[in-house]
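One-based numbering, in listed order, for ligands and for the atoms of each. As a basis for the values below, the full set of heavy atoms in this structure was taken, side chains included, without hydrogen atoms, waters or symmetry mates.
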Amino acid sequence: MCRHLGWLGEPVSVASLVIEPTNGLLVQSYSPRRQKHGLMNADGWGVGFYSPDLPGGTPCRWRSATPMWSDASLASVAPALRSGCVVAAVRSATVGMPIEATAAAPFTDGHWLLSHNGLVDRAVLPPSASAESTNDSALLAALIFDRGLDALGDTIVEVAAVDPNARLNILAGNGSRLLATAWGDTLSALRRSDGVVLASEPYDDDPGWQEIPDRHLVDVTPSRVQLVPLRGSR
Ligand code: GLN
């Protein structure tokens with residue numbers, strides 16, 4: 001299982017979201033506080049964001065197959081990366097999955113950035129020519145992109161119906177919207193005066209963090225945060 005984080009709000013630095021918080025993704029890569037499955041997240045990392053310098057809402061990504069804490073450049077570059085929409089993740093690969101940069105979230109279809117925190121039986125997912133890697137998360141991302149993000153909740157319920165053991169926490173952003181599901185693992189939200197954070201676990205002890213109940217979808221736009229229950233047989 002992995003840990004992920006999304007930001008939608010005023011432009012802030014990637015460092016302020018990932019590196020500087022006392023329990024940010026960097027610390028979560030070796031010492032997560034709420035991780036239910038796996039001890040640490042050393043099998044890669046990724047940071048994706050939207051920049052006004054890039055036309056057409058194309059996201060930028062920086063991914064690696066090595067532990068975030070071992071990266072020689074992230075700490076010096078991250079303070080200079082500023083964005084109003086960020087999706088970042090640290091990875092703990094499921095047994096049998098490839099460890100390569102293309103298997104690390106965020107995945108993209110050219111518009112959305114998407115991270116999966118969990119696992120799913122690859123046999124229940126359709127083969128995809130557009131999947132970035134052969135791990136379950138990349139295949140699941142391809143399916144979600146194919147169905148469209150407006151159908152995210154329906155897609156998660158459908159996948160869970162054919163793989164009842166699946167854990168399907170998704171976090172996606174497109175520059176002006178964040179979508180996340182809690183399905184089998186932890187998810188928290190923090191409303192700040194300058195924006196909204198969605199994260200697998202709180203990056204600090206701010207009392208404003210709210211736990212998202214399991215089997216719910218969170219839909220964040222600049223004007224609102226909406227919580228939607230997801231149906232599904234247990
Ligand atoms: N199933 C995922 C993988 O191996 C595990 C990491 C995660 O939680 N996304 O890619």
Side-chain angles (χ1 to χ4, degrees), residues 1-6 18 23-48 61-70 86-109 112-128 130-145 149 152 155-156 159-160 162-173 178-188 198-203 212 214-215 217-218:
M1 299 290 277
C2 310
R3 306 274 85 183
H4 51 212
L5 170 139
V18 170
N23 291 90
L25 278 187
L26 175 61
V27 172
Q28 290 170 33
S29 70
Y30 56 84
S31 184
R33 295 191 292 178
R34 297 215 182 154
Q35 192 151 342
K36 294 183 187 170
H37 306 275
L39 294 177
M40 57 168 69
N41 301 287
D43 299 319
W45 57 274
V47 171
R61 287 187 298 168
W62 183 4
R63 296 184 294 167
S64 167
T66 58
M68 182 181 262
W69 72 77
S70 72
V86 177
V87 175
V90 289
R91 180 172 182 229
S92 169
T94 299
V95 174
M97 302 293 167
I99 297 179
E100 55 192 12
T102 50
F107 306 99
T108 191
D109 63 353
W112 284 86
L113 293 166
L114 187 146
S115 171
H116 169 224
N117 167 202
L119 89 173
V120 55
D121 183 352
R122 287 179 287 185
V124 308
L125 299 175
S128 168
S130 58
E132 294 183 50
S133 178
T134 55
N135 63 323
D136 58 346
S137 301
L139 283 172
L140 180 61
L143 175 67
I144 293 168
F145 291 144
L149 269 292
L152 175 62
T155 305
I156 293 307
V159 171
V162 290
D163 180 5
N165 295 320
R167 296 193 295 270
L168 301 164
N169 280 41
I170 299 294
L171 172 64
L178 285 182
L179 287 168
T181 56
W183 193 288
D185 209 313
T186 55
L187 179 68
S188 291
L198 298 179
S200 302
E201 58 182 62
Y203 62 44
I212 306 299
D214 198 41
R215 301 192 173 206
L217 179 142
V218 193

J.: For ligand 1, which atoms, with element, lie under 4.0 Å from some heavy atom of H116?
T.: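 Ligand 1 atoms under the 4.0 Å threshold to H116: 7 (C), 8 (O), 9 (N).
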J.: Is it the side chain (CB and beyond), the backbone, both or neither of S92 that lies under 4.0 Å from ligand 1, heavy atoms counted?
T.: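 Backbone only.
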J.: Please could you name the atoms of ligand 1 that A93 approaches to less than 4.0 Å, counting only its heavy atoms?
T.: 4 (O)
J.: So which atom in G6 and which in L171 form the shortest heavy-atom distance, rounded to 0.1 Å?
T.: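 Heavy atoms of G6 and L171 come nearest at N-CD2, 3.3 Å.
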J.: Under 4.0 Å from a heavy atom of C2: which atoms of ligand 1 are those, numbered in the order shown and with their elements?
T.: 5 (C), 6 (C), 7 (C), 8 (O), 9 (N)
J.: Can you name the atoms of ligand 1, numbered from 1 with element, that are less than 4.0 Å from a heavy atom of N135?
T.: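 With N135 as reference, the close atoms of ligand 1 come out as 3 (C), 10 (O).
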J.: Who passes side chain to side chain contact (heavy atoms under 4.5 Å, CB included) against S64, sequence neighbours left out?
T.: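 Here the qualifying residues are W45, T66.
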J.: Verify side chain to side chain contact (heavy atoms under 4.5 Å, CB included) between N41 and Q35, making sure each step is shown before the conclusion.
T.: CA-CA 10 Å; N41 301 287; Q35 192 151 342; 2.8 Å; yes
J.: Restricting to side chain to side chain contact (heavy atoms under 4.5 Å, CB included), what partner residues turn up for V159, sequence neighbours left out?
T.: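 V159 satisfies side chain to side chain contact (heavy atoms under 4.5 Å, CB included) with V120, L125, L140, L143, T155, L168 only.
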J.: Check ligand 1 against T94 and write out every atom of the ligand that is under 4.0 Å from a heavy-atom position of the residue.
T.: 1 (N), 2 (C), 3 (C), 4 (O), 5 (C)
J.: When you compare ligand 1 with A103, is there at least one nitrogen or oxygen pair between them that comes in under 3.5 angstrom?
T.: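 Such a contact does not occur with ligand 1.
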J.: Considering both backbone and side-chain atoms of L119, is one of its nitrogen or oxygen atoms within less than 3.5 Å of a nitrogen or oxygen in ligand 1?
T.: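 No, no N or O pair falls under 3.5 Å.
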J.: Using 0.5 Å steps for rounding, measure from the CD1 atom of I170 to the NE2 atom of H4.
T.: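 Answer rounded to 0.5 Å: 7.5 Å.
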J.: Are any of the side-chain heavy atoms of V18 and M68 separated by less than 4.5 Å?
T.: yes
J.: Report, in ascending order of atom number, the atoms of ligand 1 lying under 4.0 Å from any heavy atom of S137.
T.: 1 (N), 2 (C), 3 (C), 9 (N), 10 (O)
J.: Can you sort out which atoms of ligand 1 are near M97, meaning under 4.0 Å from one of its heavy atoms?
T.: 4 (O)
J.: Distance check, rounded to the nearest 0.5 Å: M97 atom CE versus S137 atom OG?
T.: 7.5 Å
J.: Hey, looking at atom 3 (C) of ligand 1, which of D136, V120, N169, D185 has the closest heavy atom?
T.: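 That would be D136.
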J.: Please report the closest heavy-atom contact between D43 and A93, naming both atoms and the distance.
T.: OD2-N, 2.7 Å
J.: Taking only heavy atoms of R91, which atoms of ligand 1 are found under 4.0 Å from at least one of them?
T.: 3 (C), 4 (O), 10 (O)
